[in-house]
Amino acid sequence: MAEETLDLRDLPRAEAYERLGEYLDAVLEGIDDEVAEMSTMACLLHHAFGHLWTGFYRVVEPETLLRVGPYQGTLGCLEIAFGRGVCGTAAATRRTVVVEDVNEFPGHIACDGRSLSEIVVPVMDDAGRLIAVLDVDSERRGTFGDEDRDALERMVARFARPRASQRELVPSHAASTPA
Ligand code: SME
């Protein structure tokens with residue numbers, strides 16, 4: 001298939017997310033690779049809506065530290081501690097955080113001074129462990145609401161599906177272990 005980035009800014013948001021979800025599923029069909037999935041999701045989401053920054057912060061030390069992952073936009077902060085800023089808050093609470101105006105969020109970390117509103121969604125694996133957060137930033141105030149929360153939570157649910165690669169690791173590793 002000839003892949004291309006979509007521009008969905010002219011569609012009603014619910015319809016835009018539906019189109020984006022279908023497109024993402026088609027582009028990623030047969031791919032079982034977290035980095036490829038995060039990169040593709042960040043790219044499509046970013047360009048579909050013309051966001052300021054779209055990407056993932058990965059959990060590199062459980063309950064302690066997030067480090068930047070695949071993203072689109074200007075240079076992102078490299079590391080964020082759990083509990084700090086919007087990303088750290090979403091990670092620590094495992095809840096989506098929607099910020100209508102970042103100036104009113106105490107401790108907001110401004111990687112790009114143009115950011116005015118944002119949404120951060122926790123990303124879990126199939127065992128329910130937090131593996132990352134998805135952070136989307138906008139230059140406009142009040143960009144994100146319940147529709148975005150629902151759609152993005154559904155979108156990152158793909159990371160919670162069982163992974164063939166992980167399932168296969170168990171028997172092959174077990175087979176090579178001396179009895
Ligand atoms: N605004 C985020 C920091 C990450 S960047 O903006 C890319 C926060 O407060 O967690």
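As the structure lists them, so they are numbered: ligands from 1, and atoms in each ligand from 1. Residue numbers start at 1 and run along the sequence shown.
Looking only at protein heavy atoms, the nearest one to atom 10 (O) of ligand 1 is C87 N, 2.8 Å. Looking only at protein heavy atoms, the nearest one to atom 5 (S) of ligand 1 is C111 SG, 3.1 Å. Ranking protein heavy atoms by distance to atom 8 (C) of ligand 1, first place goes to V86 N, 3.4 Å. Nearest protein neighbour of atom 6 (O) of ligand 1, counting heavy atoms only, is D137 OD2, 2.8 Å.
The shortest heavy-atom contact between T143 and D148 is O-OD2, 3.9 Å. Taking all atoms of both residues into account, the shortest heavy-atom contact from L24 to R158 is O-NH2, 4.2 Å.
R161 and E37 are joined by a salt bridge, as a carboxylate oxygen and a charged side-chain nitrogen come within less than 4.0 angstrom of each other.
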Walk me through it: do M38 and V35 pass the test side-chain contact (heavy atoms from CB on, under 4.5 Å)?
CA-CA 5 Å; M38 286 185 180; V35 175; 5.8 Å; no
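Under a cutoff of 6.0 Å and an axis angle of 45°, R13 and F49 form a cation-pi pair.
Heavy atoms of D135 found under 4.0 angstrom from ligand 1 belong exclusively to the side chain. With a 4.0 Å cut-off on non-hydrogen atoms, V120 does not touch ligand 1 at all.
Proximity of a side-chain donor or acceptor of R141 to a complementary backbone N or O of E100 within less than 3.5 Å is not detected.
Between G88 and ligand 1, not a single N/O pair is under 3.5 Å apart. Considering backbone and side-chain N/O atoms, R84 never comes within less than 3.5 Å of an N/O atom of ligand 1. Backbone and side-chain nitrogen or oxygen atoms of G107 are examined, and none is located within less than 3.5 angstrom of a nitrogen or oxygen of ligand 1. Ligand 1 has a nitrogen or oxygen under 3.5 angstrom from a nitrogen or oxygen of I109.
In this structure, a donor-acceptor pair under 3.5 Å is present between the side chains of H108 and E118.
Contact atoms of ligand 1 toward G85: 9 (O), 10 (O) (distance under 4.0 Å to a heavy atom of the residue).
Under a 4.0 angstrom heavy-atom cut-off, Y57 registers as being in contact with ligand 1.
Counting heavy atoms from C-beta outward, I119 and V97 have side chains that stay 4.5 Å or more apart.
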